[in-house]
Novice: 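Quick one: the structure is below, questions incoming.
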Amino acid sequence: MPSSLQCQDNHKLHVAIIMDGNGRWAASRELMRAAGHEAGIEALRRVVRAAPDENISTLTVYAFSSDNWKRPEGEVAALLDLFRRFLDTETEDLVRDGVKLSIVGRRDRLPQDLVHEIERAEAATEWGDLLHLRVALDYSARDMIIEAAKKAAGAGDLTRETLAAQLGAPEVDLLIRTSGEQRLSDFLLWECAYAEFHFTTRLWPDFAENDLKDAIAVFHHRQRRFGALQAA
Ligand code: IPE
Ligand code: IPE
Ligand code: MG
């Protein structure tokens with residue numbers, strides 16, 4: 001059981017980000033939506049570099065939801081292409097920076113070449129120990145919970161602990177969503193049970209190191225009680 005006021009401890013943080021607003025960023029510049037997604041990759045680079053200095057040890061980012069398959073074919077293709085290029089160009093830097101990369105979500109609906117790229121990048125970065133970067137791709141928290149519950153029940157032991165172990169991530173300390181939307185959109189429903197939420201109107205491609213710093217600073221002023229009473 002986590003202690004109350006944990007956010008003021010010096011413990012390492014799990015921060016989750018719903019990287020939203022790429023389309024609106026592009027529209028405001030009269031650009032194609034794909035250009036917004038490209039610019040979003042730059043924002044992700046900035047945040048990954050800044051994360052260890054903010055005491056973040058796990059960073060989970062929402063890149064493509066299982067519901068995003070509903071988007072036009074051209075946009076989905078552009079996004080898949082962007083993920084391929086990200087894995088291709090970024091792996092070396094991630095290794096250098098001590099970042100372990102994991103892709104979370106379903107893989108059976110992704111193109112085979114992308115799955116191979118994912119496996120290659122995960123293997124190359126597996127020794128990273130400064131930051132665990134988890135990128136959610138074809139991700140649905142509800143589906144993840146169902147799968148985890150099936151596995152735990154199949155092993156004859158379905159408890160909070162075994163289900164959490166199957167999900168494989170620490171509880172989220174802070175969830176950030178950009179672009180002004182204030183919803184979870186099927187992201188980390190289990191892991192966010194006691195997360196602090198930070199909503200900002202900043203569009204994801206404009207999100208910079210200072211925005212991360214500000215969000216963390218606000219987080220450190222929150223009082224987390226986990227159902228208990230505030231310490232005297
Ligand atoms: C987030 O930006 C990226 C993905 C969902 C893939 P959006 O594409 O949702 O941008 P908006 O919400 O339309 O501005
Ligand atoms: C959630 O954003 C998914 C990602 C950021 C990848 P959406 O833009 O798809 O969410 P809704 O549709 O506004 O809830
Ligand atoms: Mg959106």
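Counting starts at 1 for both ligands and their atoms, following the listed order. Here the structure is a predicted model, which is why all the values come from computation and not from measurement.
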Novice: Might you work through the side chain to side chain contact (heavy atoms under 4.5 Å, CB included) test for N68 and V76, ending with a clear yes or no?
Specialist: CA-CA 8 Å; N68 287 148; V76 170; over 6 Å; no

Novice: Looking only at side chains, do H37 and E75 share a donor and an acceptor under 3.5 Å apart?
Specialist: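 Judged by distance alone, the side chains do pair up.
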
Novice: Should R33 be counted as touching ligand 1, given the test is an N or O pair under 3.5 Å?
Specialist: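 Yes; the residue has a nitrogen or oxygen that sits under 3.5 Å from a nitrogen or oxygen of the ligand.
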
Novice: Are R202 and W204 in a cation-pi contact, defined as NZ or CZ under 6.0 Å from the six-membered ring centre and within 45° of the axis?
Specialist: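 Not satisfied by the 6.0 Å and 45° rule.
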
Novice: Counting N and O atoms only, with roles assigned by atom type, does the side chain of T162 sit under 3.5 Å from a partner on the main chain of D157, one being a donor and the other an acceptor?
Specialist: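 Pair found, side chain donor or acceptor close to backbone of D157.
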
Novice: Is it true that a side-chain atom of R224 and a backbone atom of Y194 form a donor plus acceptor pair closer than 3.5 Å?
Specialist: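 It does hold such a pair.
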
Novice: Would you confirm whether T178, through its side chain, and D20, through its main-chain N or O, come within 3.5 Å as a donor-acceptor pair?
Specialist: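 Yes, the answer is positive, given that a donor and an acceptor are paired below the 3.5 Å cut-off.
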
Novice: Between the side chain of D186 and the main-chain N/O of S140, is any donor-acceptor distance below 3.5 Å?
Specialist: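 The answer is no, because no donor-acceptor pair under 3.5 Å joins these two groups.
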
Novice: For L87, does its backbone N or O pair with a side-chain atom of R120 as donor and acceptor, under 3.5 Å?
Specialist: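 Pair found, side chain donor or acceptor close to backbone of L87.
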
Novice: Collect the protein residues that have a non-hydrogen atom under 4.0 Å from ligand 2 and hand them over in chain and number order.
Specialist: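 Within the 4.0 Å shell of ligand 2, which is judged on heavy atoms, sit I18, M19, D20, Y62, A63, F64, N68, R71, R177, R183, S185.
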
Novice: Is the F64 to Y139 ring centre distance short of 6.0 Å?
Specialist: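 Centroid distance F64-Y139: not below 6.0 Å, so no.
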
Novice: Just to be sure I understand the site: which N, O or S atoms from the protein are less than 2.8 Å away from the Mg ion (ligand 3)?
Specialist: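 Atoms qualifying: D20 OD1.
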
Novice: Give the ring-plane orientation class for F197 versus F199, where under 30° counts as parallel, over 60° as perpendicular and anything between as tilted.
Specialist: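 Rings of F197 and F199: perpendicular, over 60°.
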
